[in-house]
Amino acid sequence: MDTSSPAAFVNGGLLRMHIGRKVRTVIHVTRSDAGSVMGKSTDGCQLVVRGSPPAPLTSYVEVIGVAENENSIRAELWTNFGDSFDASNYDQLCQLANGELKHLFL
């Protein structure tokens, strides 16, 4: 496993703390166009993910890429997470990974 460039676990609200850095998040896909996907983060923020998603997309997708600004990511890797996902648990993971347990994740 490559640990030279870890991706921070983020939700929509935490994305702004990681602009220009590698991040990972899960979105609930709301729209897919050529070259971008729009979706809701696990904390309900609207995000735009730029890049070439896999076809077909499932309802929930994990994206690893670089945070371009407070609401967009340039994707490097896409992973379909299926049509059922516990967004609340993932959101709690993001809070822990950027808070009191940060040392365990980065």
Side-chain angles (χ1 to χ4, degrees):
M1 176 168 67
D2 180 15
T3 60
S4 62
S5 181
F9 285 90
V10 297
N11 58 23
L14 294 167
L15 190 60
R16 67 177 177 267
M17 294 172 41
H18 299 278
I19 293 172
R21 296 182 15 213
K22 188 180 268 191
V23 296
R24 73 187 321 136
T25 195
V26 174
I27 62 168
H28 184 213
V29 176
T30 57
R31 193 172 90 210
S32 179
D33 295 325
S36 68
V37 172
M38 294 185 72
K40 274 194 171 177
S41 64
T42 55
D43 61 343
C45 296
Q46 282 292 116
L47 297 180
V48 176
V49 182
R50 300 182 202 308
S52 300
L57 278 176
T58 58
S59 296
Y60 291 92
V61 178
E62 180 188 50
V63 177
I64 299 174
V66 176
E68 294 182 314
N69 59 46
E70 66 275 356
N71 66 352
S72 72
I73 298 170
R74 183 176 20 90
E76 298 171 358
L77 181 65
W78 304 75
T79 304
N80 279 323
F81 269 23
D83 295 322
S84 177
F85 183 78
D86 192 332
S88 177
N89 278 349
Y90 188 87
D91 196 57
Q92 289 175 359
L93 171 67
C94 292
Q95 297 297 329
L96 290 171
N98 286 274
E100 63 186 270
L101 299 178
K102 185 176 185 175
H103 64 282
L104 296 175
F105 292 90
L106 295 178

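- A donor-acceptor pair is defined here as one N or O able to donate and one able to accept, closer than 3.5 Å; no such pair exists between the side chain of D91 and the backbone of A87.
- Nearest heavy-atom pair, L57 versus S32, reported as atom, atom and distance to 0.1 Å: CD1-OG, 3.9 Å.
- The shortest side-chain heavy-atom distance between Q95 and N11 falls under the 4.5 Å cut-off.
- With sequence neighbours excluded, no residue forms a salt bridge (charged side-chain N to carboxylate O under 4.0 Å, His left out) with D83.
- Shown here for W78 and P54, the closest heavy-atom pair between the two residues is CB-CD, 3.4 Å.
- Shortest non-hydrogen contact noted between A75 and V63 is CB-CG1, 3.6 Å.
- Grouping the Ile, Leu, Val, Met, Phe, Trp and Tyr side chains by contacts below 4.5 angstrom, directly or via other members, places F81 apart from V49.
- With 3.5 Å as the limit, one finds no donor-acceptor pair spanning the side chains of D33 and S36.
- When hydrophobic clusters are built by joining Ile, Leu, Val, Met, Phe, Trp and Tyr residues whose side-chain heavy atoms come closer than 4.5 Å, directly or via intermediates, Y90 is grouped together with F105.
- By the salt bridge (charged side-chain N to carboxylate O under 4.0 Å, His left out) test, K22 pairs with E76, sequence neighbours left out.
- Sequence neighbours left out, the pairs with a member in residues 22-48 that pass ring-ring contact (aromatic ring centres under 6.0 Å, His included) are H28-Y60.
- With values rounded to the nearest 0.5 angstrom, Q46 atom CD is found 9.5 Å from I27 atom CD1.
- Side-chain atoms of D43 come within 3.5 Å of backbone N or O of G13 as a donor-acceptor pair.
- Transitive grouping of hydrophobic side chains (ILVMFWY, heavy atoms separated by less than 4.5 Å) keeps V48 and L15 in distinct clusters.
- In terms of hydrophobic clustering, with Ile, Leu, Val, Met, Phe, Trp and Tyr side chains grouped at heavy-atom distances under 4.5 Å, M17 and L104 are assigned to different clusters.
- Scanning for salt bridge (charged side-chain N to carboxylate O under 4.0 Å, His left out) contacts around R50 gives E68, with sequence neighbours left out.
- Residues V10 and H18 approach most closely at CG1-CD2, 3.4 Å, considering heavy atoms.
- Annotation: side chain to side chain donor-acceptor pair (under 3.5 Å) contacts of T58 (sequence neighbours excluded): N80.
- Between F85 and V26, the shortest heavy-atom contact is CE2-CG1, 3.7 Å.
- Every residue meeting the salt bridge (charged side-chain N to carboxylate O under 4.0 Å, His left out) condition with E62, not counting sequence neighbours, appears here in chain and number order: R24.
- Both V29 and V23 are members of a single hydrophobic cluster when ILVMFWY side chains are connected at heavy-atom separations under 4.5 Å.
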